[in-house]
Amino acid sequence: MQKYNPKKIEKKWQEYWAKKPKLSAADEKSKNPKFYCLDMFPYPSGDGLHVGHVEGYTASDIYSRYQRMIGKNVLHPIGWDAFGLPAENFAIRTGVHPAKSTQKNIKTFTKQIKSLGLAYDWSREIDTSSPEYYRWTQWFFLFLYKHGLAYRKKAKVNWCESCKTVLANEQVEDGVCERCKNEVIQKDLEQWFFKITDFAEDLIKDLDKIDWPESTKTAQKNWIGKSEGATVKFKINKDYNLEVFTTRLDTIFGCTYCVVAPEHSLIEKLKLQIKNLKEVEKYVKLAKKKTDLQRTELQKNKTGIEIKGIKAINPFTNEAVPIFVADYVLSTYGTGAVMAVPAHDERDFEFAKKYKLGIKQVITPNLDAYEDTVRILEVLRKINNAAKKENLKIWLLGGLGCAFHATIIYRACEDLDLIARDDIEFKKAIRLFEKLGFKKIKEKKLSEGLTNYIFADKEGIEIDIGPNVGEWGLLKKDFEEDKKNLNGFEAYVLSKKFHVNLKELLQKKRNKEIDNMDLAYLQGKVLVEDGFLVNSGKYSGLASEKVREEMANWLEKNKLGKKTTTYKLRDWLISRQRYWGAPIPMIHCEKCGWQMVPEKDLPVLLPKVKDYRPKGTSPLGTNKDFVNTTCPKCKGKAKRELDTMDTFVCSSWYFFRFADSKNQKEFASKDKIKKWLPVDLYVGGAEHTVLHLLYARFFTKALHKYKYIGFNEPFAKLRHQGLVIAEDGRKMSKSLGNVINPDDIVKQYGADVLRLYEMFMGPLEDSKIWNTKSIVGLSRFLDRVWKLSAKRKTQNAKTQLKTQNLDNLIHKTIKKVTEDIENLHFNTAISSMMILVNEMEKENIIQITNYKLLITLLSPFAPHIAEELWHELGHKKSIFLEKWPQYDPKLVVEKEANIVVQVNGKVRDQITVPADAKENDIKRLAFESEKIKKYIPNVDNIRKIIFVPGRLINFVV
RNA sequence: GGGCAGGUGGUGGAACGGCAGACACGCUAGCCUUAGGAGCUAGUGCCGCAAGGUGUGAGGGUUCAAAUCCCUCCCUGCCCACCA
């Protein structure tokens, strides 16, 4: 037999399979249960296939080959997500029509995919840029339009004044145009939207019934961003209420101002009453010019301006608060207006700090602490007054575990003139406490003849007074000049329950970092969590969660607001002022308005143009024959919509098309959809976690709502392949020059080796680092498999006895490989086959049945070599028509067990016993062991025995 | 800043309450070969000649037994990011 030469055999079998397309095709007539295994179809970029593609495609190839071999009728299709920006940019650069470059790329991809031995049903191949396909993309647009799920409204686009063009987000770098480096501004243009928000609730709810990675599900939930809260009406005058949305109605007593987004209608409506209208309008104009990026970049430096002349009345307190316009409030979320509670919201806090607005605490994390604080405050005042009378200066500190209370105390301390500077003052202070009814409860001798005293009053408020020794190391280091002051005496006021060290507070004060309202400095952050209400009228003392409910009910009863649920999810803007996409099938008539292109006129063909550059509107506008048309309704002159659709629209329904890719009457027939869908296993990159997967679910739900299909989730089971990282630990990228081209690996080692290597690298879903050196291991493995064929012998009685152990192992391997494929644990499946091969190598003779079992197990992973070895045995049909092997349960059971003997949980010995050995026998055997005798000289000392059948016995002494 | 995933030898990883390091790469020694990015044999977590000890990011806890479960902290990667 010749040496293993992948180049030769792989080409041979690829040609063989190409001649037998049924091997990889779905069977429309079969009565076997169906299995739809789908890869995320690739964008055929000029760079060719990436090793990341190979990973996902190999995984789904193994899985679908396996499904076929266990008797399923498998649909495993492939196609091209062919519209998109890179082809268009290439056209702008070179003048080559995108269709041409795309077709060329598709050819490359096809060749590459075939060279990997991936078993796709090529008869169903689709290309989203072909009119046969995008005809149905356009049909979907009309379908959504007919049901009110597609609509037109003004929306912001990135606009470059110097290029006079609309830019995609990717073309805006740091707020400037990537081509001319001019500032990008925001311009309102009429755009088409899909009303995905109609399905927000279902898109969250139905995640429960699909088998997807939890991380993907939560990412979708976060993206949809459901928040439950309330809208509240703040009265401005008798005709106008400012409606705000809040999830923290419980903090409303702490609202010290309101903020509206620059786009808010209030500014226009109350124009006449606004005293500083010019200023406000100037701010609004400036804010509107900012891109989203610029707005978010300024997170830490919020801007805004008060709208003078109007106030908003808090319905709970009847207080009138100022109104600001600021671009940290988003016009597109909630009502575009918020009530600001700086004490309990970081953004509001930051803004309040900057513009010196009121900060009012209304939530405490600990009601007891809060009450204690109030009492401590009283004590402090009492001491302060008494000390003043005696002309005594005492530094009193007080506080609790919660910085909020520390703040309050701190503020009270402001007017206390602090420290006892010497022994005389210290003694005076002690006398003063006694006079005020404090009793000395503890006395602690410190070094150098100094003493620390603790006083307490009847209510348990404690004063801890003593010298400053070493406690302030930090301060000493940082504030050398203050050293003298620190060598005095200090006193803490404490409550029984909460002890406090206000060292940090003092440090900040000395550093002059603290201003009166600066809560953030004191606690590092604003208290945004739920807690208990304080300073909130009749709601004080109650828990946040409960109060929100009560307050919302009160609002509803008094018609001042209502419970509201909002979502972050926005409607999907699908208009692209771009050439290389599916034209939007709409016509605008001066008389009749927007009209659908009649279905019979689809597809609206993408016209030929000379200049692909966007010009403010899509390049389609340069073709006058395309632009000018007749109105489908009045037959008068009309103009076509010039924009194309976002490529995500094309990929939102492609999995339906695979069920019936040649259908000329429908996007897919109801029967075929019913036969093949939903997708049973969907494999693809995690970068599509939100957009593509969410859009595909939206389309499915829309079809379901209007009774086109009988299910409402497209992908029953989803798995992501992990990233393949370059050898240098960075992402593979052309500019870094660390990209691995799968063609090179195929050329050097063969497709089977590449497939095995990528599967052996690690768990499918983990990101893995590419290591070219390691590939050779898989090459050696296949080489060994190849060489085994020399040892195979037909079965006879003599060899049977000899190979008993191997029979055992092979059936264990069948079990393991089968389970691993089911769970997509391909790395361990391969390693178990390696173990088998290592054992087989040691034998002189291998039974033919066992040899066949091995190559059948290997066949989904390394199809070429398996097919070659199979035919080499004299078979005339493909190995992929074989049934998947079944293991013999009798052969999988171990006859002997290795029992680990532990003493106090540490392994001290091992004994081999029959698999069904009883605890008593094992115990006896264990005690015979010299090693165990060493650790347990006296059997009577054993306190406890833990016995795990077939595994271990543990003696506790 | 938020969410998610993760941290195990020189490397990729295995084990996912019960022998830590399967399998593979690399490395070391020997054999074979005209030669080796070939093949074969043996070894390979760390400390130690050995007996033995020690070891899964750090610290604590639960348990007869923890890489695995719970708490605190640290680090890395990915995604989202002013959503009231």
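Letters go in sequence order (proteins before strands), and every chain restarts at 1.
The separation of B:A50 from B:C31, taken at their P atoms, amounts to 24 Å, rounded to a whole angstrom. Spacing between B:U8 and B:U76 at atom P, rounded to whole Å, works out to 14 Å. Comparing the C1' positions of B:C78 and B:U33 gives a spacing of 50 Å, expressed to the nearest Å. The same atom, C1', is picked in B:G6 and in B:G13; the two are 14 Å apart, to the nearest Å. Nucleotides B:G9 and B:A5 have their C1' atoms positioned 23 Å apart, rounded to a whole Å. When the P atom is compared between B:G53 and B:A66, the two are found 16 Å apart, to the nearest whole Å. Look at the C1' atom in both B:U68 and B:G18: the space between them is 11 Å, to the nearest Å. For the P atoms, the distance from B:G7 to B:A58 is 13 Å, rounded to whole Å.
When each of B:G18, B:A24, B:A22 is scored by its nearest atom to the side-chain atoms of A:Ile946, the top-ranked nucleotide is B:G18. Nearest nucleotide to the A:Gln902 side chain, out of B:G18, B:C79, B:C40: B:G18.
Both distances falling under 3.5 Å, in either a Watson-Crick or a G-U wobble arrangement, place B:G3 opposite B:C78. Using the Watson-Crick or G-U wobble rule with both distances under 3.5 Å, B:U72 pairs with B:A58. Nucleotide B:A50: unpaired (no Watson-Crick or G-U wobble partner with both distances less than 3.5 Å). In this entry B:G26 has B:U44 as its Watson-Crick or G-U wobble partner, both defining distances falling under 3.5 Å. B:U63: no Watson-Crick or G-U partner with both key distances under 3.5 Å is found in any strand. Pairing partner, B:U34: none, since no Watson-Crick or wobble contact has both distances short of 3.5 Å. When Watson-Crick and G-U wobble pairs are counted only if both distances are under 3.5 Å, B:A20 pairs with no nucleotide at all.
Contact between the side-chain N/O atoms of A:Tyr328 and the OP1/OP2 oxygens of B:A84 is not found at any separation under 4.0 Å. A sub-4.0 Å separation between OP1 or OP2 of B:U54 and a side-chain N or O of A:Lys906 is present. For B:C64, one of the phosphate oxygens OP1 or OP2 lies less than 4.0 angstrom from a side-chain nitrogen or oxygen of A:Lys944. For A:Arg951 and B:A15, the shortest distance from a side-chain N or O to OP1 or OP2 is not below 4.0 Å. OP1 or OP2 of B:C25 lies within a sub-4.0 Å distance of a side-chain N or O belonging to A:Arg780.
A:Val900 comes within contact range of at least one nucleobase, with a heavy-atom separation under 4.0 Å. Using a 4.0 Å heavy-atom distance criterion, A:Lys568 is classed as a base contact. A:Arg730 comes within contact range of no nucleotide atom at all, as no heavy-atom separation falls under 4.0 Å. Counting non-hydrogen atoms under 4.0 angstrom, A:Gln220 reaches nothing in the nucleic acid. Among the atoms of the strands shown, base atoms are found under 4.0 Å from some heavy atom of A:Asn954.
Ionic pairing of A:Glu758 and A:Lys768 is not present here: no N-O contact between side-chain nitrogen and carboxylate oxygen is shorter than 4.0 angstrom. A salt bridge links A:Asp728 and A:Arg730; the closest N-O separation between the charged side-chain nitrogens and carboxylate oxygens is under 4.0 Å. Salt bridge annotation for A:Lys354-A:Glu350: absent, with no cationic side-chain nitrogen under 4.0 angstrom from a carboxylate oxygen. Salt bridge A:Asp211/A:Lys217: absent, no basic N to carboxylate O contact under 4.0 Å. In this structure, A:Arg719 pairs ionically with A:Glu765, as a charged nitrogen and a carboxylate oxygen lie closer than 4.0 Å. Taking 4.0 Å as the cut-off between side-chain N and carboxylate O, A:Asp327 and A:Lys302 do not count as a salt-bridged pair.
The aromatic rings of A:Phe648 and A:His688 stand perpendicular to each other, their planes meeting at an angle above 60°, with 30° marking the opposite boundary.
Spacing between atom OH of A:Tyr757 and atom C1' of B:C23 amounts to 14 Å, rounded to whole angstrom units. Following rounding to the nearest Å, A:Leu782 (CG) and B:A38 (P) show an atom-to-atom distance of 16 Å. In this structure, CG of A:Asn898 is placed 13 Å from C1' of B:G18, rounded to the nearest angstrom. If you take NZ of A:Lys923 and P of B:C64, they are 18 Å apart, rounded to a whole angstrom. With rounding to whole Å, A:Glu919 atom CD is found 15 Å from B:G18 atom C1'. Rounding to whole angstrom units, CG of residue A:Asp909 and C1' of B:G18 are separated by 16 Å. B:A22 atom P lies 17 Å from atom CG of A:Leu809, rounded to whole Å. Between the CG atom of A:Asn5 and the P atom of B:A38 there is a distance of 18 Å, given to the nearest Å.
A heavy atom closer than 4.0 Å to some atom of RNA chain B occurs in A:Met834, A:Ile835, A:Asn838, these being the qualifying members of residues 832-839 of chain A.
If you find the closest nucleotide of RNA chain B to A:Val948 and to A:Ser215, the one lying nearer the 5' end belongs to A:Ser215. Both A:Ser227 and A:Ile775 lie close to RNA chain B; mapped to their nearest nucleotides by heavy-atom distance, the more 5′-ward contact belongs to A:Ile775.
With no hydrogens or angles considered, a side-chain donor-acceptor pair links A:Asp348 and A:Tyr328 at under 3.5 Å. Side-chain atoms of A:Tyr333 and A:Thr566 form a donor-acceptor pair, as typed in the model, at a separation below 3.5 Å.
Here the straight-line distance linking atom CG of A:Leu723 with atom CG of A:Asp766 works out to 11.0 Å at 0.5 Å rounding.
For the pair A:Arg697 and A:Trp223, the cation-pi test (distance below 6.0 Å, angle within 45°) is failed.
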Between the protein and nucleotides 9-14 of chain B, are there any N/O to N/O pairs under 3.5 Å, and if so, what are the atom names and distances?
{"residue": "B:G12", "atom": "O2'", "partner": "A:Met761", "partner atom": "O", "Å": "2.6"}
{"residue": "B:A14", "atom": "OP1", "partner": "A:Asn827", "partner atom": "ND2", "Å": "2.8"}

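In this structure, the ring pair (Phe, Tyr, Trp, His ring centres under 6.0 Å) partners of A:Tyr257, at least two apart in sequence or on a different chain, are A:Phe324, A:Phe351.
Residues A:Val341 and A:Thr246 have side chains not in contact (no heavy-atom distance under 4.5 Å, counting atoms from C-beta outward).
Annotated as anti: B:G48, whose O4'-C1'-N torsion sits more than 90° from 0.
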